[in-house]
> 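Starting off with a structure, shown below.
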Amino acid sequence: MTDDFDLQNQLHALTSARSSVTPEEAIARASLSPERSMTTTIVSDSRGRSQKLSLRSSLGWVAVLVVASLVAVAIAVVVPSSNKKVVQSSHRNGPSPKPEAEFPGAGPLASPQVVYEVATVPLSVYDTVGGQAEISNIPKKPSQSRPPLTAHGRPELLYMWASYCPFCAAENWALVMALSRFGTFTGLRTTHSSVTDFAPDTQTLSFYGATYSSKYFVFKSLDLAGNQPAKPTAKCNLNGYVCLQQISETSKDMAYLEALGGGSFPFMDFGNKVVQAGAGYGDQPLTLAGLTVSEIAKQLIVPDSSVALAAVGSANYLTAAICTMTEGQPWRVCSDPVIRRIQHLEDGASG
Amino acid sequence: MLFTDATMLFRQRGAPRTLLGGEDRDQQRFRAFALQVEPRLHGAFVAAYGHELGREATAEALAYAWEHFPEVESMANPVGYLYRVGQSRVRRRKEPVVFVRSETAEHLVEPNLPAALAALPERQRMAVVLVHAEGWTLREAADFLSISIPTVQKHAERGMAKLRRALRVDSKDGSR
(Lines give C-alpha, C1' and ligand atoms only; values in the text may rest on other atoms or scores of the structure.)
Protein backbone atom coordinates (compact mmCIF):
# COMPACT_ATOMS: atom_id res chain seq x y z
CA MET A 1 0.00 0.00 0.00
CA THR A 2 1.33 3.43 -0.91
CA ASP A 3 0.40 6.97 0.04
CA ASP A 4 0.28 10.27 -1.88
CA PHE A 5 3.92 11.01 -1.20
CA ASP A 6 4.92 7.67 -2.59
CA LEU A 7 2.65 8.18 -5.61
CA GLN A 8 4.42 11.44 -6.38
CA ASN A 9 7.78 9.67 -6.13
CA GLN A 10 6.53 6.99 -8.48
CA LEU A 11 5.30 9.57 -10.95
CA HIS A 12 8.65 11.30 -10.84
CA ALA A 13 10.53 8.02 -11.27
CA LEU A 14 8.31 7.06 -14.19
CA THR A 15 8.36 10.29 -16.17
CA SER A 16 11.94 11.31 -15.47
CA ALA A 17 13.28 8.02 -16.78
CA ARG A 18 13.92 9.44 -20.23
CA SER A 19 16.97 9.88 -22.40
CA SER A 20 17.72 13.54 -22.93
CA VAL A 21 17.78 15.12 -26.36
CA THR A 22 21.28 16.53 -26.70
CA PRO A 23 22.09 19.78 -28.53
CA GLU A 24 24.20 17.77 -30.94
CA GLU A 25 21.24 15.56 -31.76
CA ALA A 26 19.09 18.61 -32.45
CA ILE A 27 21.73 20.12 -34.73
CA ALA A 28 22.18 16.84 -36.57
CA ARG A 29 18.43 16.46 -37.00
CA ALA A 30 18.18 19.96 -38.40
CA SER A 31 21.03 19.39 -40.83
CA LEU A 32 19.67 16.13 -42.19
CA SER A 33 16.91 17.72 -44.19
CA PRO A 34 17.22 20.95 -46.13
CA GLU A 35 13.52 21.66 -46.07
CA ARG A 36 12.23 20.32 -42.82
CA SER A 37 8.83 21.70 -43.59
CA MET A 38 8.56 19.48 -46.64
CA THR A 39 8.07 15.75 -46.78
CA THR A 40 11.31 13.96 -47.49
CA THR A 41 11.47 10.28 -48.23
CA ILE A 42 14.69 8.35 -48.42
CA VAL A 43 14.39 4.72 -49.30
CA SER A 44 17.85 3.30 -48.97
CA ASP A 45 21.46 4.16 -48.45
CA SER A 46 23.90 1.75 -49.96
CA ARG A 47 26.82 3.26 -48.09
CA GLY A 48 25.46 2.10 -44.78
CA ARG A 49 25.31 5.54 -43.22
CA SER A 50 23.02 5.66 -40.27
CA GLN A 51 21.37 8.89 -41.35
CA LYS A 52 17.62 8.74 -41.37
CA LEU A 53 15.46 11.52 -42.61
CA SER A 54 12.21 11.92 -40.83
CA LEU A 55 9.18 10.78 -42.70
CA ARG A 56 6.24 12.94 -42.08
CA SER A 57 2.61 12.26 -42.33
CA SER A 58 1.91 13.22 -45.88
CA LEU A 59 -1.78 13.99 -46.06
CA GLY A 60 -1.51 17.54 -44.80
CA TRP A 61 1.43 18.32 -47.00
CA VAL A 62 -0.25 16.84 -50.02
CA ALA A 63 -3.01 19.35 -49.44
CA VAL A 64 -0.46 22.14 -49.12
CA LEU A 65 1.30 21.07 -52.31
CA VAL A 66 -1.97 20.90 -54.20
CA VAL A 67 -2.84 24.43 -53.10
CA ALA A 68 0.68 25.63 -53.94
CA SER A 69 0.45 24.07 -57.38
CA LEU A 70 -2.88 25.77 -58.01
CA VAL A 71 -1.42 29.10 -56.94
CA ALA A 72 1.60 28.54 -59.19
CA VAL A 73 -0.66 27.78 -62.13
CA ALA A 74 -2.70 30.89 -61.40
CA ILE A 75 0.48 33.00 -61.26
CA ALA A 76 1.72 31.51 -64.52
CA VAL A 77 -1.56 32.41 -66.19
CA VAL A 78 -1.89 35.87 -64.72
CA VAL A 79 1.67 37.19 -64.76
CA PRO A 80 2.55 38.45 -68.21
CA SER A 81 6.03 37.85 -69.57
CA SER A 82 7.56 39.73 -72.44
CA ASN A 83 9.80 36.78 -73.25
CA LYS A 84 7.18 34.15 -72.80
CA LYS A 85 7.47 32.76 -76.28
CA VAL A 86 11.19 32.35 -76.35
CA VAL A 87 12.17 31.71 -72.75
CA GLN A 88 11.79 28.26 -71.33
CA SER A 89 12.88 28.09 -67.73
CA SER A 90 13.39 24.88 -65.83
CA HIS A 91 12.08 26.50 -62.67
CA ARG A 92 8.65 25.37 -61.69
CA ASN A 93 6.81 25.40 -58.45
CA GLY A 94 5.09 22.09 -59.08
CA PRO A 95 6.72 19.00 -57.60
CA SER A 96 6.33 16.55 -60.46
CA PRO A 97 8.99 16.02 -63.13
CA LYS A 98 7.68 16.59 -66.60
CA PRO A 99 7.75 13.86 -69.22
CA GLU A 100 10.84 13.86 -71.37
CA ALA A 101 8.77 14.54 -74.44
CA GLU A 102 8.24 18.04 -73.10
CA PHE A 103 11.99 18.62 -72.96
CA PRO A 104 13.53 17.46 -76.24
CA GLY A 105 17.21 16.82 -75.82
CA ALA A 106 16.97 16.19 -72.07
CA GLY A 107 18.83 13.21 -70.67
CA PRO A 108 17.30 10.38 -68.68
CA LEU A 109 16.17 10.92 -65.10
CA ALA A 110 18.97 10.50 -62.58
CA SER A 111 18.58 7.53 -60.28
CA PRO A 112 17.06 8.32 -56.86
CA GLN A 113 20.17 6.81 -55.26
CA VAL A 114 22.48 9.26 -57.03
CA VAL A 115 20.24 12.22 -56.22
CA TYR A 116 20.12 11.14 -52.59
CA GLU A 117 23.88 10.76 -52.36
CA VAL A 118 24.51 14.19 -53.82
CA ALA A 119 21.82 15.89 -51.76
CA THR A 120 22.90 14.39 -48.45
CA VAL A 121 26.64 14.86 -48.40
CA PRO A 122 27.30 15.03 -44.65
CA LEU A 123 28.10 18.33 -43.02
CA SER A 124 31.35 16.81 -41.77
CA VAL A 125 32.52 16.38 -45.39
CA TYR A 126 31.68 19.98 -46.25
CA ASP A 127 33.55 21.18 -43.18
CA THR A 128 36.54 18.90 -43.74
CA VAL A 129 36.96 19.98 -47.35
CA GLY A 130 36.21 23.60 -46.45
CA GLY A 131 37.63 26.01 -48.97
CA GLN A 132 40.85 24.15 -49.49
CA ALA A 133 40.03 22.86 -52.95
CA GLU A 134 41.82 24.35 -55.88
CA ILE A 135 39.19 27.01 -56.35
CA SER A 136 40.63 29.55 -58.71
CA ASN A 137 37.48 31.45 -59.50
CA ILE A 138 35.33 32.41 -56.56
CA PRO A 139 31.98 34.22 -56.64
CA LYS A 140 32.49 37.97 -56.46
CA LYS A 141 30.54 41.14 -55.98
CA PRO A 142 29.57 42.60 -59.36
CA SER A 143 31.74 45.50 -60.44
CA GLN A 144 28.70 47.71 -60.77
CA SER A 145 25.91 47.94 -58.26
CA ARG A 146 22.65 46.72 -59.74
CA PRO A 147 19.10 46.40 -58.45
CA PRO A 148 18.38 43.06 -56.77
CA LEU A 149 17.48 40.25 -59.12
CA THR A 150 14.19 38.83 -57.87
CA ALA A 151 11.33 36.63 -58.97
CA HIS A 152 7.97 36.27 -57.27
CA GLY A 153 9.16 38.46 -54.44
CA ARG A 154 12.21 36.34 -53.65
CA PRO A 155 15.84 36.59 -54.66
CA GLU A 156 16.64 34.79 -57.90
CA LEU A 157 19.66 32.65 -58.63
CA LEU A 158 20.14 32.70 -62.39
CA TYR A 159 22.28 29.94 -63.86
CA MET A 160 23.17 29.97 -67.54
CA TRP A 161 25.04 27.02 -68.94
CA ALA A 162 25.19 24.54 -71.78
CA SER A 163 25.17 20.76 -71.77
CA TYR A 164 28.11 20.47 -74.15
CA CYS A 165 30.32 22.61 -71.90
CA PRO A 166 32.63 20.47 -69.72
CA PHE A 167 33.16 23.24 -67.16
CA CYS A 168 29.41 23.52 -66.78
CA ALA A 169 29.19 19.76 -66.33
CA ALA A 170 31.71 19.94 -63.52
CA GLU A 171 30.06 22.96 -61.94
CA ASN A 172 26.66 21.27 -61.94
CA TRP A 173 27.81 18.79 -59.29
CA ALA A 174 28.76 21.59 -56.94
CA LEU A 175 25.61 23.51 -57.70
CA VAL A 176 23.31 20.55 -57.02
CA MET A 177 25.06 20.02 -53.69
CA ALA A 178 24.86 23.66 -52.71
CA LEU A 179 21.23 24.05 -53.76
CA SER A 180 20.26 20.89 -51.92
CA ARG A 181 21.21 22.61 -48.68
CA PHE A 182 18.48 25.19 -49.29
CA GLY A 183 15.72 23.28 -51.02
CA THR A 184 14.62 20.19 -52.87
CA PHE A 185 15.05 18.99 -56.43
CA THR A 186 12.62 16.87 -58.33
CA GLY A 187 13.31 15.34 -61.70
CA LEU A 188 17.05 15.90 -61.96
CA ARG A 189 18.42 14.28 -65.08
CA THR A 190 21.78 13.07 -66.28
CA THR A 191 23.74 14.38 -69.21
CA HIS A 192 27.34 14.67 -70.39
CA SER A 193 29.54 17.22 -72.02
CA SER A 194 30.53 17.15 -75.66
CA VAL A 195 32.51 14.08 -76.69
CA THR A 196 34.83 16.21 -78.78
CA ASP A 197 35.57 19.10 -76.41
CA PHE A 198 38.05 19.47 -73.54
CA ALA A 199 37.56 16.71 -70.94
CA PRO A 200 35.21 14.91 -73.32
CA ASP A 201 32.07 13.16 -72.14
CA THR A 202 32.18 14.53 -68.59
CA GLN A 203 29.21 13.00 -66.80
CA THR A 204 26.92 15.22 -64.77
CA LEU A 205 23.44 16.03 -63.53
CA SER A 206 21.18 18.33 -65.50
CA PHE A 207 18.61 20.87 -64.34
CA TYR A 208 16.87 20.85 -67.71
CA GLY A 209 13.36 19.57 -67.07
CA ALA A 210 13.87 19.43 -63.31
CA THR A 211 12.08 21.42 -60.62
CA TYR A 212 13.54 23.04 -57.56
CA SER A 213 11.64 24.28 -54.52
CA SER A 214 13.06 26.51 -51.82
CA LYS A 215 11.37 28.95 -49.53
CA TYR A 216 14.42 31.19 -49.61
CA PHE A 217 14.92 31.97 -53.29
CA VAL A 218 14.00 31.05 -56.85
CA PHE A 219 16.42 29.05 -58.95
CA LYS A 220 16.29 29.65 -62.69
CA SER A 221 18.42 27.43 -64.87
CA LEU A 222 18.85 28.02 -68.58
CA ASP A 223 20.54 25.19 -70.46
CA LEU A 224 21.29 27.07 -73.63
CA ALA A 225 22.60 24.22 -75.77
CA GLY A 226 22.67 20.45 -75.85
CA ASN A 227 25.64 18.14 -76.29
CA GLN A 228 24.92 17.16 -79.88
CA PRO A 229 26.09 19.10 -82.93
CA ALA A 230 23.36 21.11 -84.59
CA LYS A 231 22.34 20.16 -88.07
CA PRO A 232 23.50 22.57 -90.74
CA THR A 233 19.90 23.36 -91.48
CA ALA A 234 18.98 24.08 -87.86
CA LYS A 235 17.42 27.47 -87.25
CA CYS A 236 19.32 27.87 -84.02
CA ASN A 237 22.70 26.70 -82.90
CA LEU A 238 25.07 27.81 -80.19
CA ASN A 239 28.73 27.36 -81.00
CA GLY A 240 27.64 24.61 -83.35
CA TYR A 241 25.53 22.74 -80.80
CA VAL A 242 21.80 22.27 -80.89
CA CYS A 243 19.84 24.92 -78.98
CA LEU A 244 17.83 23.83 -75.97
CA GLN A 245 16.35 26.62 -73.85
CA GLN A 246 16.39 29.60 -76.15
CA ILE A 247 16.32 33.11 -74.82
CA SER A 248 15.92 36.36 -76.60
CA GLU A 249 19.09 38.29 -77.24
CA THR A 250 17.35 41.29 -75.73
CA SER A 251 16.22 39.52 -72.57
CA LYS A 252 17.45 40.68 -69.19
CA ASP A 253 19.04 37.27 -68.63
CA MET A 254 21.19 37.71 -71.69
CA ALA A 255 21.98 41.23 -70.59
CA TYR A 256 23.25 39.94 -67.26
CA LEU A 257 25.29 37.26 -69.01
CA GLU A 258 26.92 39.88 -71.20
CA ALA A 259 27.40 42.56 -68.58
CA LEU A 260 28.35 40.49 -65.57
CA GLY A 261 29.54 37.22 -67.06
CA GLY A 262 31.47 38.55 -70.01
CA GLY A 263 29.27 36.48 -72.29
CA SER A 264 30.72 33.16 -71.19
CA PHE A 265 29.31 30.31 -69.16
CA PRO A 266 28.83 28.72 -66.76
CA PHE A 267 27.45 31.94 -65.36
CA MET A 268 25.74 32.36 -62.02
CA ASP A 269 24.06 35.51 -60.80
CA PHE A 270 23.13 35.30 -57.14
CA GLY A 271 20.40 37.91 -57.01
CA ASN A 272 22.78 40.51 -58.44
CA LYS A 273 24.62 40.50 -55.11
CA VAL A 274 27.34 38.06 -56.14
CA VAL A 275 28.23 36.63 -59.52
CA GLN A 276 30.45 33.84 -60.75
CA ALA A 277 31.54 33.74 -64.35
CA GLY A 278 33.24 30.50 -65.28
CA ALA A 279 33.77 27.34 -63.29
CA GLY A 280 35.05 27.53 -59.76
CA TYR A 281 37.79 25.01 -60.34
CA GLY A 282 39.22 25.20 -63.82
CA ASP A 283 40.61 21.68 -63.93
CA GLN A 284 37.60 20.12 -62.27
CA PRO A 285 36.35 18.40 -65.46
CA LEU A 286 39.60 16.43 -65.56
CA THR A 287 39.02 15.07 -62.07
CA LEU A 288 35.77 13.59 -63.31
CA ALA A 289 37.28 12.01 -66.41
CA GLY A 290 36.20 8.46 -67.04
CA LEU A 291 33.87 8.35 -64.05
CA THR A 292 30.21 7.47 -64.29
CA VAL A 293 27.52 9.54 -62.58
CA SER A 294 27.19 6.90 -59.90
CA GLU A 295 30.95 6.73 -59.30
CA ILE A 296 31.19 10.50 -58.98
CA ALA A 297 28.30 10.59 -56.50
CA LYS A 298 29.98 8.00 -54.31
CA GLN A 299 33.28 9.92 -54.34
CA LEU A 300 31.64 13.04 -52.96
CA ILE A 301 31.68 11.76 -49.40
CA VAL A 302 35.38 10.88 -49.47
CA PRO A 303 36.85 14.19 -48.29
CA ASP A 304 40.36 13.61 -49.58
CA SER A 305 39.32 12.36 -53.02
CA SER A 306 40.09 14.66 -55.91
CA VAL A 307 36.41 14.64 -56.82
CA ALA A 308 35.30 15.82 -53.38
CA LEU A 309 38.07 18.40 -53.09
CA ALA A 310 36.92 20.01 -56.31
CA ALA A 311 33.15 19.53 -56.18
CA VAL A 312 32.57 19.90 -52.43
CA GLY A 313 35.03 22.79 -52.27
CA SER A 314 33.18 24.52 -55.09
CA ALA A 315 29.86 23.76 -53.40
CA ASN A 316 31.05 25.53 -50.26
CA TYR A 317 31.84 28.67 -52.26
CA LEU A 318 28.47 28.53 -53.98
CA THR A 319 26.74 27.96 -50.64
CA ALA A 320 28.43 31.04 -49.25
CA ALA A 321 27.29 33.05 -52.26
CA ILE A 322 23.72 31.85 -51.79
CA CYS A 323 23.91 32.85 -48.12
CA THR A 324 24.91 36.33 -49.23
CA MET A 325 21.94 36.39 -51.59
CA THR A 326 19.48 35.19 -48.92
CA GLU A 327 21.00 37.45 -46.28
CA GLY A 328 21.97 34.56 -44.07
CA GLN A 329 18.87 32.39 -44.42
CA PRO A 330 18.55 29.69 -43.34
CA TRP A 331 20.64 30.26 -40.31
CA ARG A 332 21.53 26.59 -39.80
CA VAL A 333 23.34 26.55 -43.17
CA CYS A 334 24.73 30.05 -43.21
CA SER A 335 26.04 30.00 -39.65
CA ASP A 336 28.45 27.20 -40.48
CA PRO A 337 31.89 28.63 -39.71
CA VAL A 338 33.28 27.33 -43.00
CA ILE A 339 30.58 29.13 -44.94
CA ARG A 340 31.05 32.30 -42.95
CA ARG A 341 34.76 32.32 -43.61
CA ILE A 342 34.25 31.85 -47.32
CA GLN A 343 31.65 34.60 -47.31
CA HIS A 344 34.26 36.95 -45.92
CA LEU A 345 36.57 36.00 -48.79
CA GLU A 346 33.83 36.60 -51.33
CA ASP A 347 32.83 39.87 -49.70
CA GLY A 348 36.36 41.10 -50.25
CA ALA A 349 36.39 40.12 -53.91
CA SER A 350 34.88 42.16 -56.67
CA GLY A 351 34.63 41.38 -60.33
CA MET B 1 42.00 34.87 -60.72
CA LEU B 2 41.96 36.17 -57.21
CA PHE B 3 44.20 35.00 -54.43
CA THR B 4 44.50 36.85 -51.19
CA ASP B 5 46.97 35.62 -48.63
CA ALA B 6 44.08 34.24 -46.67
CA THR B 7 42.88 32.33 -49.69
CA MET B 8 46.25 30.76 -50.21
CA LEU B 9 46.47 29.67 -46.59
CA PHE B 10 42.95 28.36 -46.75
CA ARG B 11 43.78 26.21 -49.72
CA GLN B 12 46.57 24.33 -47.95
CA ARG B 13 45.52 20.85 -47.12
CA GLY B 14 45.37 19.98 -43.47
CA ALA B 15 45.20 23.58 -42.38
CA PRO B 16 41.55 24.60 -42.46
CA ARG B 17 40.60 23.39 -39.00
CA THR B 18 43.18 25.51 -37.25
CA LEU B 19 42.30 28.44 -39.45
CA LEU B 20 38.68 28.16 -38.46
CA GLY B 21 39.52 28.67 -34.82
CA GLY B 22 37.77 25.76 -33.11
CA GLU B 23 34.12 25.43 -32.25
CA ASP B 24 31.75 28.02 -33.49
CA ARG B 25 30.55 30.38 -30.79
CA ASP B 26 26.99 30.12 -32.06
CA GLN B 27 27.01 26.40 -31.52
CA GLN B 28 28.32 26.93 -28.01
CA ARG B 29 25.51 29.39 -27.32
CA PHE B 30 22.96 27.00 -28.70
CA ARG B 31 24.38 24.17 -26.62
CA ALA B 32 23.97 26.21 -23.45
CA PHE B 33 20.46 27.23 -24.47
CA ALA B 34 19.40 23.67 -25.31
CA LEU B 35 20.76 22.25 -22.08
CA GLN B 36 18.76 24.84 -20.18
CA VAL B 37 15.40 24.41 -21.90
CA GLU B 38 15.48 20.69 -22.67
CA PRO B 39 14.43 19.38 -19.23
CA ARG B 40 11.28 21.50 -19.02
CA LEU B 41 10.43 21.06 -22.67
CA HIS B 42 10.99 17.32 -22.57
CA GLY B 43 9.03 17.02 -19.33
CA ALA B 44 6.06 18.79 -20.87
CA PHE B 45 6.14 16.67 -23.99
CA VAL B 46 6.41 13.45 -22.00
CA ALA B 47 3.40 14.57 -19.98
CA ALA B 48 1.44 15.18 -23.15
CA TYR B 49 2.53 12.34 -25.39
CA GLY B 50 4.36 9.75 -23.31
CA HIS B 51 7.98 8.77 -23.56
CA GLU B 52 8.50 7.93 -27.20
CA LEU B 53 6.50 10.59 -28.98
CA GLY B 54 7.44 13.08 -26.28
CA ARG B 55 11.09 12.60 -27.07
CA GLU B 56 10.41 12.92 -30.78
CA ALA B 57 8.54 16.17 -30.23
CA THR B 58 11.38 17.49 -28.08
CA ALA B 59 13.95 16.67 -30.73
CA GLU B 60 11.84 18.33 -33.43
CA ALA B 61 11.36 21.44 -31.33
CA LEU B 62 15.06 21.75 -30.53
CA ALA B 63 15.99 21.20 -34.17
CA TYR B 64 13.66 24.07 -35.01
CA ALA B 65 15.32 26.12 -32.30
CA TRP B 66 18.70 25.54 -33.93
CA GLU B 67 17.35 26.52 -37.34
CA HIS B 68 15.86 29.74 -35.97
CA PHE B 69 18.17 30.32 -33.07
CA PRO B 70 18.52 34.11 -33.20
CA GLU B 71 14.74 34.53 -32.99
CA VAL B 72 14.16 31.76 -30.48
CA GLU B 73 17.00 32.90 -28.26
CA SER B 74 15.52 36.35 -27.92
CA MET B 75 12.05 35.14 -26.95
CA ALA B 76 10.67 35.82 -23.50
CA ASN B 77 9.20 32.33 -23.24
CA PRO B 78 11.13 30.03 -25.58
CA VAL B 79 9.91 26.85 -23.86
CA GLY B 80 6.28 27.76 -24.48
CA TYR B 81 6.97 28.65 -28.09
CA LEU B 82 9.00 25.52 -28.75
CA TYR B 83 6.30 23.42 -27.13
CA ARG B 84 3.86 24.62 -29.75
CA VAL B 85 6.40 23.98 -32.47
CA GLY B 86 6.82 20.41 -31.26
CA GLN B 87 3.06 20.00 -31.00
CA SER B 88 2.60 21.04 -34.60
CA ARG B 89 5.32 18.65 -35.75
CA VAL B 90 3.84 15.54 -34.16
CA ARG B 91 0.16 16.29 -33.79
CA ARG B 92 -0.85 14.34 -36.87
CA ARG B 93 0.63 11.18 -35.50
CA LYS B 94 -2.15 9.20 -33.97
CA GLU B 95 0.06 7.26 -31.64
CA PRO B 96 -1.12 6.10 -28.23
CA VAL B 97 0.34 7.74 -25.14
CA VAL B 98 2.76 5.22 -23.69
CA PHE B 99 4.84 5.47 -20.53
CA VAL B 100 7.63 2.98 -20.14
CA ARG B 101 9.07 1.89 -16.83
CA SER B 102 12.83 1.98 -17.07
CA GLU B 103 14.83 -0.87 -15.61
CA THR B 104 16.46 1.41 -13.07
CA ALA B 105 13.15 2.77 -11.79
CA GLU B 106 11.19 -0.42 -12.14
CA HIS B 107 11.28 -1.33 -8.46
CA LEU B 108 9.92 2.15 -7.59
CA VAL B 109 7.00 2.21 -9.97
CA GLU B 110 3.77 0.27 -9.59
CA PRO B 111 3.26 -1.90 -12.67
CA ASN B 112 -0.18 -0.37 -13.26
CA LEU B 113 0.93 3.25 -13.04
CA PRO B 114 2.06 3.71 -16.67
CA ALA B 115 -1.27 2.53 -18.05
CA ALA B 116 -3.27 4.49 -15.46
CA LEU B 117 -1.37 7.67 -16.24
CA ALA B 118 -1.74 7.17 -19.98
CA ALA B 119 -5.48 6.68 -19.55
CA LEU B 120 -5.99 10.14 -18.01
CA PRO B 121 -7.39 12.92 -20.18
CA GLU B 122 -4.52 15.01 -21.59
CA ARG B 123 -5.16 18.10 -19.46
CA GLN B 124 -5.36 16.05 -16.27
CA ARG B 125 -2.27 14.07 -17.21
CA MET B 126 -0.30 17.22 -17.97
CA ALA B 127 -1.36 18.87 -14.73
CA VAL B 128 -0.48 15.76 -12.73
CA VAL B 129 2.90 15.27 -14.34
CA LEU B 130 3.97 18.91 -14.43
CA VAL B 131 2.93 19.64 -10.86
CA HIS B 132 3.46 16.34 -9.06
CA ALA B 133 6.26 14.71 -11.08
CA GLU B 134 8.20 17.59 -12.59
CA GLY B 135 7.78 19.91 -9.63
CA TRP B 136 6.39 22.90 -11.50
CA THR B 137 4.45 25.44 -9.46
CA LEU B 138 0.75 25.83 -10.16
CA ARG B 139 1.46 29.24 -11.65
CA GLU B 140 4.14 27.86 -13.98
CA ALA B 141 1.82 25.09 -15.14
CA ALA B 142 -1.07 27.52 -15.54
CA ASP B 143 1.02 29.91 -17.62
CA PHE B 144 2.35 27.09 -19.73
CA LEU B 145 -1.06 25.55 -20.39
CA SER B 146 -2.72 28.97 -20.78
CA ILE B 147 -5.36 28.20 -18.17
CA SER B 148 -6.07 29.59 -14.71
CA ILE B 149 -4.40 28.39 -11.55
CA PRO B 150 -7.64 27.01 -10.07
CA THR B 151 -8.21 25.06 -13.29
CA VAL B 152 -4.74 23.54 -13.12
CA GLN B 153 -5.40 22.64 -9.51
CA LYS B 154 -8.70 21.06 -10.41
CA HIS B 155 -7.17 19.01 -13.24
CA ALA B 156 -4.31 17.88 -11.00
CA GLU B 157 -6.62 16.87 -8.18
CA ARG B 158 -8.97 14.96 -10.45
CA GLY B 159 -6.07 13.25 -12.16
CA MET B 160 -4.49 12.26 -8.87
CA ALA B 161 -7.84 10.95 -7.63
CA LYS B 162 -8.14 8.74 -10.66
CA LEU B 163 -4.62 7.44 -10.20
CA ARG B 164 -5.35 6.71 -6.54
CA ARG B 165 -8.42 4.76 -7.48
CA ALA B 166 -6.56 2.85 -10.16
CA LEU B 167 -3.68 2.02 -7.83
CA ARG B 168 -5.71 1.76 -4.60
CA VAL B 169 -3.53 4.42 -2.99
CA ASP B 170 -4.18 6.01 0.43
CA SER B 171 -5.01 9.69 0.04
CA LYS B 172 -3.78 12.48 2.31
CA ASP B 173 -6.80 12.25 4.59
CA GLY B 174 -6.57 8.51 4.92
CA SER B 175 -9.57 7.69 2.79
CA ARG B 176 -9.46 5.58 -0.29
Side-chain angles (χ1 to χ4, degrees), chain A residues 1-32 36 54 56-57 59-60 127-138 140 304 309 313 330-332 335-338 340-342 344-345 348-351, chain B residues 1-2 4 6-7 10-13 15-16 19-21 24 26-27 30-31 34-35 38-39 42-43 46-47 51 54-55 58-60 62-70 92-93 99-102 104-105 108-110 113-114 117 128-129 132-134 160 163-164 167-172:
Chain A
M1 192 66 64
T2 57
D3 56 18
D4 259 2
F5 178 73
D6 192 35
L7 179 54
Q8 287 190 9
N9 283 339
Q10 288 192 46
L11 283 168
H12 178 73
L14 176 64
T15 59
S16 64
R18 57 191 186 232
S19 59
S20 300
V21 177
T22 63
E24 290 74 19
E25 182 182 346
I27 293 171
R29 179 179 284 248
S31 67
L32 279 178
R36 291 165 47 76
S54 56
R56 303 187 193 295
S57 172
L59 271 181
D127 286 350
T128 302
V129 173
Q132 66 179 319
E134 304 293 325
I135 306 300
S136 55
N137 180 31
I138 70 175
K140 308 171 180 70
D304 57 355
L309 287 172
W331 191 77
R332 69 182 153 70
S335 67
D336 186 306
V338 168
R340 283 187 171 178
R341 182 164 186 88
I342 293 173
H344 288 313
L345 292 176
S350 64
Chain B
M1 301 281 276
L2 186 142
T4 64
T7 313
F10 204 47
R11 293 171 56 227
Q12 292 174 14
R13 295 184 184 185
L19 286 169
L20 291 174
D24 182 28
D26 292 325
Q27 290 192 9
F30 176 73
R31 183 170 288 110
L35 291 174
E38 196 272 347
H42 201 163
V46 167
H51 278 115
R55 191 180 193 287
T58 308
E60 284 288 320
L62 288 178
Y64 178 92
W66 167 244
E67 289 175 307
H68 304 82
F69 188 45
R92 289 190 181 86
R93 302 187 193 183
F99 293 94
V100 182
R101 290 196 305 166
S102 75
T104 54
L108 295 173
V109 178
E110 290 269 356
L113 180 58
L117 184 61
V128 164
V129 172
H132 293 288
E134 297 290 322
M160 287 294 279
L163 291 180
R164 284 187 209 108
L167 303 176
R168 300 172 58 84
V169 174
D170 286 336
S171 64
K172 293 172 192 170

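Since the model is a prediction, treat every value here as computed from it, not as a measurement. Letters go in sequence order (proteins before strands), and every chain restarts at 1.
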> To the closest 0.5 Å, what do you measure between OG1 (A:T15) and NE2 (B:H132)?
12.0 Å
> Measure across B:R164 and A:L7 and return the closest heavy-atom pair with its distance rounded to 0.1 Å.
CG-CD2, 4.2 Å
> ring-ring contact (aromatic ring centres under 6.0 Å, His included) with A:H12: which residues, sequence neighbours excluded?
none
> Counting N and O atoms only, with roles assigned by atom type, does the side chain of B:E110 sit under 3.5 Å from a partner on the main chain of A:Q10, one being a donor and the other an acceptor?
no
> What distance do A:R332 atom CZ and B:E67 atom CD have between them, rounded to the nearest 0.5 Å?
5.0 Å
> Looking at every non-hydrogen atom in both residues, tell me the closest pair between B:A59 and A:E25 and how far apart they are.
CB-OE2, 4.2 Å
> To the closest 0.5 Å, what do you measure between NE2 (B:H42) and OG (A:S20)?
7.0 Å
> Shortest non-hydrogen contact from B:V109 to A:L14?
CG2-N, 4.0 Å
> Tell me the closest heavy-atom pair linking A:L11 and B:L113, and the distance in Å.
N-CD2, 4.0 Å
> Restricting to non-hydrogen atoms, name the atom on B:L62 and the atom on A:A26 that form the minimum distance, rounded to 0.1 Å.
CB-CB, 3.6 Å
> Using the six-membered ring wherever Trp is involved, compare the ring planes of B:F69 and A:W331 and label them parallel, tilted or perpendicular (cut-offs 30° and 60°).
tilted
> With sequence neighbours excluded, tell me which residues meet ring-ring contact (aromatic ring centres under 6.0 Å, His included) with B:F99.
B:H51
